[in-house]
Amino acid sequence: MASKPSIPKGTRDFSPVEVSKRNYIIAIMRTHFENYGYQPIETPSFENSDTLMGKYGEEGDRLIFKILNSGDYTNEIRQNVISSGNISGVFFEVLKPLKIRLSAVRQDDYRLFLHKLINDYYFDEEQKKLLFDYFIDIENELLDFCKVDISLSEGFEKYSHEMIFNRRLYEKFYTIYLDKLGFLNANKVSTLVSEKALRYDLTVPFARYVVQHQSEIEFPFKRYQIQPVWRADRPQKGRFREFYQCDADVVGSTSLWQEVELVQLYDAVFAELGLHGVTIKINNRKILSGIAEVIGASDKLIDFTVALDKLDKIGEDGVKKEMLEKGISEEAIVKVQPLFNFTGTIQEKIDKLSVLLSSSDEGIKGVAELRFICDNVSKLGLQKATLDLDVTLARGLNYYTGAIFEVAAPQGVAMGSIGGGGRYDDLTGIFGLKNISGVGISFGLDRIYLVLEELGLFPETVTTATKVMFLNFGETQSFEVMQTLQKLRAANIKSEMYPDAAKIDKQFKHAERRGIPFVVKEISNGLFTLKNIISGEQVQVDFSTLNTILK
């Protein structure tokens with residue numbers, strides 16, 4: 001019986017209509033990326049694990065999809081674990097009392113034996129405790145295995161050589177409980193299991209690309225990249241395990257004009273998509289560091305900012321509670337109180353921050369950077385988006401060092417951020433290329449799609465794949481139709497012929513279901529009988545007029 005087809009959670013199939021709509025968004029993004037001087041690159045869908053691990057923080061690392069090594073890697077793992085230290089010797093020594101335990105030897109004797117055995121081998125204290133707990137944990141399971149699978153009453157008669165018995169137990173030991181042995185040689189075992197991982201985002205692979213190709217790159221280097229990424233996240237509305245990111249970054253420049261330009265780029269894309277009322281939120285990592293400094297919580301910077309970033313989700317009381325739980329003092333929380341009701345225009349907010357952070361050098365720098373960006377964006381103007389200062393914004397603290405951006409959908413649309421980014425002063429340093437500053441933004445294609453769909457902002461023409469379909473009247477006219485199709489396609493008009501000489505009614509219904517707006521019913525003496533399926537209007541035209549109508 002055939003199994004029911006399915007796809008993994010957090011992934012999606014896309015219909016022709018959906019792909020057309022996604023391509024519509026991507027085409028607009030690509031046009032503006034290139035208008036602003038960004039060049040396209042692509043990187044592999046998977047990277048070496050050490051390229052990605054440790055770059056996104058503990059939570060991000062947990063969401064990285066790892067790829068199992070190909071081939072008979074389980075045998076390699078087993079052999080490497082065996083050869084990595086004295087664990088193999090411990091195993092065979094433990095076999096002896098396990099066999100005695102089958103004869104109901106006292107449990108206390110067995111555990112005393114374990115203590116002595118483990119202490120005789122050269123493990124550190126942590127490994128000793130883990131190893132002892134491990135053997136106790138699997139003691140009964142191993143005993144059950146011995147009794148059921150190779151019982152004493154049959155085992156040594158059926159398998160006359162004791163080595164066979166040992167081998168069976170030995171295989172169970174290493175294959176079933178291998179994950180519990182990871183502490184003995186975690187890095188080596190991990191590498192043997194998986195050396196590669198699906199990319200989590202486009203920024204870290206881009207940093208790797210810059211370092212690897214630095215001799216070929218002209219700095220400052222402006223790149224855009226539109227490719228899928230993967231995260232082992234819990235699927236929900238607007239959050240998927242496989243999704244596209246659309247990034248634009250500049251590396252090799254510390255100029256704040258890049259931040260100004262990226263705000264304009266966001267605005268230009270959303271304006272052409274017809275997505276009005278978007279809010280581009282901005283903050284600065286130096287502002288957050290300065291606030292932590294003036295309230296006496298510099299050593300709790302990450303805890304402080306992570307809690308503050310949740311203000312819109314858990315409210316003021318929730319943020320204060322989390323800060324207290326993270327060891328931030330009540331006195332510090334009192335000092336940060338003004339941030340919970342930080343209102344006013346951008347200029348007013350910057351002025352308030354200037355006073356609040358007057359005793360912090362880092363904070364003063366952050367205020368100056370924010371003032372430059374916001375003042376110049378204001379002077380240049382935006383088409384449809386709004387720029388707003390959000391002092392609780394704290395995304396990506398693992399590598400952002402300056403400006404931080406996050407884009408919110410128009411009010412009334414229940415959706416998380418539809419874009420984000422920021423300045424990272426030394427991201428390439430993790431790969432050995434120091435002091436290369438960069439700044440970039442990302443568009444959330446999938447969420448933007450959902451927002452446009454909800455607001456009905458996709459043009460009707462986006463979903464029309466074929467503009468005209470020619471009916472098929474059999475071999476006598478098919479060649480003439482094909483000649484006409486050649487001319488229409490040369491003029492970039494999407495056109496096709498129904499492949500089979502089926503009943504006319506069936507062919508018309510096919511065009512209707514496909515959403516094809518025009519059908520050519522007949523060709524006679526160089527004239528085409530063209531019917532508009534939507535309006536029902538029918539005309540007889542020459543090729544030149546047909547070409548004009550279909551364009």
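Reckoned from all heavy atoms, side chains included, excluding hydrogens, waters and symmetry mates. Keep in mind that what you see is a predicted model, and the values were worked out from it rather than measured.
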NZ/NE/NH1/NH2 to OD/OE distance under 4.0 Å, K531 and E537: no

Does E47 form a side-chain contact (heavy atoms from CB on, under 4.5 Å) with R208? I'd like the steps, not just the answer. CA-CA 10 Å; E47 298 271 352; R208 190 268 309 153; 2.8 Å; yes

Would the number of heavy atoms belonging to other residues, nucleotides or ligands and lying under 6.0 Å from CD of E330 be above 12? no

Could you check whether any side-chain heavy atom of L445 comes within less than 4.5 Å of a side-chain heavy atom of I26, counting everything from C-beta outward? yes

Which residue pairs pass the side chain to side chain donor-acceptor pair (under 3.5 Å) test when at least one of the two sits in residues 405-421, sequence neighbours left out? R395-E406

Quick one, V355 with S358, criterion side-chain contact (heavy atoms from CB on, under 4.5 Å). Give me CA distance, side-chain angles, the key distance, then yes/no. CA-CA 5 Å; V355 174; S358 59; 5.5 Å; no

For F65 together with Y200, are the ring centres under 6.0 Å from each other? no

Check the angle between the aromatic planes of F458 and Y449 and answer parallel, tilted or perpendicular using the 30° and 60° thresholds. tilted

Between H276 and A271, what is the shortest heavy-atom contact and its length? NE2-O, 4.1 Å

Could you tell me the separation between the CG atom of L380 and the CG atom of D267, rounded to the nearest 0.5 Å? 11.0 Å

Could you check whether E316 pairs with K321 (Lys NZ or Arg NE/NH1/NH2 to Asp/Glu carboxylate O, under 4.0 Å)? no

Closest approach of K281 to L393 (non-hydrogen atoms, all atoms of both residues): O-CD2, 3.8 Å

On a heavy-atom basis, which atom in I373 and which in A403 lie closest, and how many Å separate them? CD1-CB, 4.2 Å

Do F518 and I549 come within less than 4.5 Å of each other through their side chains, counting heavy atoms only? yes

Is it the case that over 12 heavy atoms from other parts of the model lie below 6.0 angstrom from the CD atom of Q538? yes

Answer yes or no: are there more than 12 heavy-atom neighbours, outside F46 itself, under 6.0 Å from its atom CZ? no

Mind checking whether R489 and S495 have side chains closer than 4.5 Å, heavy atoms only? yes

Please confirm whether F443 and Y224 have ring centers closer than 6.0 angstrom. no

Does D361 have more than 12 heavy atoms from other residues, nucleotides or ligands lying within 6.0 Å of its CG? no

Could you tell me whether D61 and K66 have a side-chain N and a carboxylate O separated by less than 4.0 Å? no

Between E325 and K320, does a salt bridge (charged side-chain N to carboxylate O under 4.0 Å, His left out) hold up when you go through it step by step? CA-CA 9 Å; E325 290 172 351; K320 289 178 177 178; over 6 Å; no

Is there a side-chain contact between M469 and M497 (heavy atoms, below 4.5 Å)? no

Would you call the rings of F470 and F528 parallel, tilted or perpendicular, taking 30° and 60° as the class edges? perpendicular

Is the shortest distance from a Lys or Arg side-chain nitrogen in D201 or K55 to a carboxylate oxygen in the other one below 4.0 Å? no

Would you sort out whether F342 and D390 count as a side-chain contact (heavy atoms from CB on, under 4.5 Å), showing the intermediate values? CA-CA 8 Å; F342 209 70; D390 183 353; over 6 Å; no

List the atom of T43, the atom of P205, and the distance in Å for their closest heavy-atom pair. OG1-CB, 3.9 Å

Is the distance between the ring centroids of W257 and F372 less than 6.0 Å? yes

Test: R22 cationic atom under 6.0 Å from F14 six-membered ring centre, within 45° of axis: yes

Around atom CD of E331, are there more than 12 heavy atoms from other residues, nucleotides or ligands closer than 6.0 Å? no

Side-chain heavy-atom pair E272, H32 within 4.5 angstrom cut-off: yes

Can you find a side-chain donor-acceptor pair between E242 and T11 that sits under 3.5 Å? no

Going by heavy atoms in the side chains, are Q214 and I217 under 4.5 Å from each other? no

Closest approach of L198 and L52, non-hydrogen atoms and distance? O-CD1, 3.4 Å

Are side-chain heavy atoms of L353 and L389 found at a separation under 4.5 Å? yes

Using only heavy-atom distances, determine whether the side chains of E496 and T466 contain a donor-acceptor pair under 3.5 Å. yes

Sequence neighbours left out, what passes side-chain hydrogen bond (donor to acceptor under 3.5 Å, both in side chains) with K326? Give chain and number order. none

Between T401 and D425, the two heavy atoms sitting closest are OG1-N, 2.8 Å

Do we see a donor-acceptor contact under 3.5 Å between the side chains of D388 and T279? no

Checking N283 side chain against F405 main chain: does a donor-acceptor pair fall under 3.5 Å? no

Indicate yes or no: does D249 engage R223 in a salt bridge with an N to O separation below 4.0 Å. yes

Would Q347 and R371 count as a side-chain contact (heavy atoms from CB on, under 4.5 Å) here? Give the steps. CA-CA 8 Å; Q347 193 59 54; R371 195 183 296 277; 2.8 Å; yes

Parallel under 30°, tilted from 30 to 60°, perpendicular over 60°: which one fits the rings of Y498 and H510? perpendicular

Give a yes or no on this: more than 12 heavy atoms of other residues, nucleotides or ligands lie within 6.0 Å of atom NZ of K349. yes

Pair K21 + E453: basic N to acidic O under 4.0 Å: yes

Roughly how far apart are E293 CD and L288 CG, rounded to 0.5 Å? 13.0 Å

Atom NZ of K384: over 12 foreign heavy atoms under 6.0 Å: no

Regarding D351 and S354, do their side chains bring together a donor and an acceptor under 3.5 Å, going by distance alone? no

